[in-house]
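Inspection log for the structure reproduced underneath, given as structure tokens.
Note that these values count all heavy atoms, side chains included, but never hydrogens, waters or copies made by symmetry. The structure presented is a predicted model; accordingly, all values stated were derived computationally and were not measured.
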Amino acid sequence: MTSFPAAARRVRDDALTPRARLLALRECALHFAPYGFRATWHHLVVNARIPQQLEDDLGSLRRAVDELEEARAVWRERAVALQERRRREKATGRRVPRRADRAFGDAIHLHCPDFEQHPTDRLVTVVRRVVAAHDSGADPLVTCVACGWALRGENRCCPACGVLPRGGERGHRPPRLSIGAAERWNRTWRRETAR
């Protein structure tokens, strides 16, 4: 697996076949998947209007990678700032990170158990909301960090956007899909999703 920037360059490379460019987009989504891979992929297919026949709209691949890259840039900027601050704190003797800093790494790993129900705003908008919610110390059981919906303090999916308040654990494998969900996922992968 190559880096996100290398994969993004391949998505934009007109010399590659459409299929190779699509697979490069998939690799980008594997590197940065704010809703989990399946929900992020569904979001990109729907929002960028990626057609079943890629040749019908090759610009859709660029739209998708641009949206993903824009959101990733906001997240990276915040992560770099946090790293720099931690470096300064360590130099002054503060070795133990703040509790909020420890949680920041997992904050963007929103989890949408139903890959077809996720925030519909642009990814960059959602990432900015998540960063702002994290920085303000908002309780994810009271207010959805992705859309701002008032929750009832239960660890159930947000009724407005489908995000699970406590999110998913980084690196955990999603549960197996039911037969119906697997069929829907296959349609999404083939870009047969209703727009």
Side-chain angles (χ1 to χ4, degrees), residues 1-77 108-131 144-147 157-158 160-164 167-168 170-195:
M1 186 183 293
T2 60
S3 68
F4 183 99
R9 281 191 298 276
R10 288 198 331 267
V11 173
R12 294 182 177 103
D13 187 348
D14 294 331
L16 295 176
T17 66
R19 177 80 178 154
R21 293 172 66 188
L22 178 72
L23 292 176
L25 177 62
R26 178 181 147 244
E27 197 165 323
C28 288
L30 287 169
H31 280 290
F32 184 71
Y35 307 147
F37 175 73
R38 288 181 183 136
T40 301
W41 185 259
H42 183 269
H43 174 89
L44 293 173
V45 167
V46 171
N47 278 22
R49 300 176 311 282
I50 301 174
Q52 191 172 8
Q53 297 298 318
L54 294 171
E55 296 80 5
D56 291 347
D57 185 5
L58 287 174
S60 64
L61 298 174
R62 279 186 189 267
R63 289 191 300 272
V65 78
D66 288 347
E67 180 174 359
L68 197 59
E69 195 170 50
E70 183 182 22
R72 182 178 177 271
V74 169
W75 186 252
R76 296 264 314 141
E77 180 182 323
I108 194 55
H109 295 279
L110 303 173
H111 179 58
C112 300
D114 178 350
F115 69 87
E116 293 174 308
Q117 186 178 0
H118 49 75
T120 57
D121 292 328
R122 287 186 56 81
L123 289 171
V124 70
T125 302
V126 176
V127 168
R128 284 185 179 132
R129 278 189 206 127
V130 171
V131 169
C144 177
V145 296
C147 71
C157 292
C158 173
C161 71
V163 169
L164 190 63
R170 193 178 354 190
H172 96 293
R173 294 182 62 96
R176 293 182 66 108
L177 295 174
S178 68
I179 292 172
E183 289 172 5
R184 291 191 329 269
W185 169 247
N186 286 333
R187 283 196 303 272
T188 298
W189 180 249
R190 292 188 308 262
R191 295 158 322 278
E192 296 170 359
T193 305
R195 289 171 195 29

**Message:** Pair Phe4, Leu68 - check side-chain contact (heavy atoms from CB on, under 4.5 Å), show working.
**Reply:** CA-CA 10 Å; Phe4 183 99; Leu68 197 59; 3.9 Å; yes
Output the distance between atom [atom1] ([X]) and atom [atom2] ([Y]), rounded to the nearest 0.5 Å.
X      : Y      : atom1 : atom2 : value
Cys28  : Arg10  : SG    : CZ    : 7.5 Å
Arg21  : Leu54  : CZ    : CG    : 9.0 Å
Trp185 : Trp41  : CH2   : CH2   : 7.5 Å
Trp75  : Leu123 : CH2   : CG    : 13.0 Å
His42  : Arg187 : NE2   : CZ    : 10.0 Å
Asp14  : Leu61  : CG    : CG    : 10.0 Å

Of all residues at least two apart in sequence or in a different chain, which pass the salt bridge (Lys or Arg N to Asp or Glu O under 4.0 Å) check with [X]?
X      : result
Arg72  : none
Asp13  : none
Asp57  : Arg63
Glu183 : none

Going by side chain to side chain contact (heavy atoms under 4.5 Å, CB included), name the residues that satisfy it together with [X], two or more places apart in sequence or in a different chain.
X      : value
Asp114 : Glu116, Gln117, Arg184
Val124 : Glu70, Ala71, Val74, Arg122, Arg128
Cys157 : Pro113, Leu164
Thr17  : Arg19, Ala20

Partners of [X] by side chain to side chain donor-acceptor pair (under 3.5 Å), sequence neighbours excluded?
X      : value
Asp56  : none
Asn186 : none
Arg62  : none
His43  : Asn47, Glu67

**Asked** Do the ring planes of Tyr35 and His118 sit parallel (below 30°), tilted (30 to 60°) or perpendicular (above 60°)?
**Response**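 Judged by the thresholds at 30° and 60°, the geometry between Tyr35 and His118 is parallel.
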Say whether, by atom type as modelled, one donor and one acceptor occur between the side chain of [X] and the main chain of [Y] under 3.5 angstrom.
X      : Y      : value
His31  : Thr2   : yes
Arg129 : Ala146 : yes
Glu55  : Pro18  : no

**Prompt:** So, for Leu44 and Ala64, which heavy atoms are closest and what is the spacing to 0.1 Å?
**Reply:**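 Heavy atoms only, the tightest pair is CD2-O, 3.6 Å.
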**Request:** For residues Arg191 and Pro51, report the shortest heavy-atom separation together with the two atoms involved.
**Result:**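 So the two residues come closest at NE-O, 3.0 Å.
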**Request:** List the steps and the verdict of side-chain contact (heavy atoms from CB on, under 4.5 Å) for Val126 and Val163.
**Result:** CA-CA 11 Å; Val126 176; Val163 169; over 6 Å; no
**Asked** Side chains of Arg26 and Leu30: closer than 4.5 Å at any heavy-atom pair?
**Response**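 Sidechains of Leu30 and Arg26: in contact.
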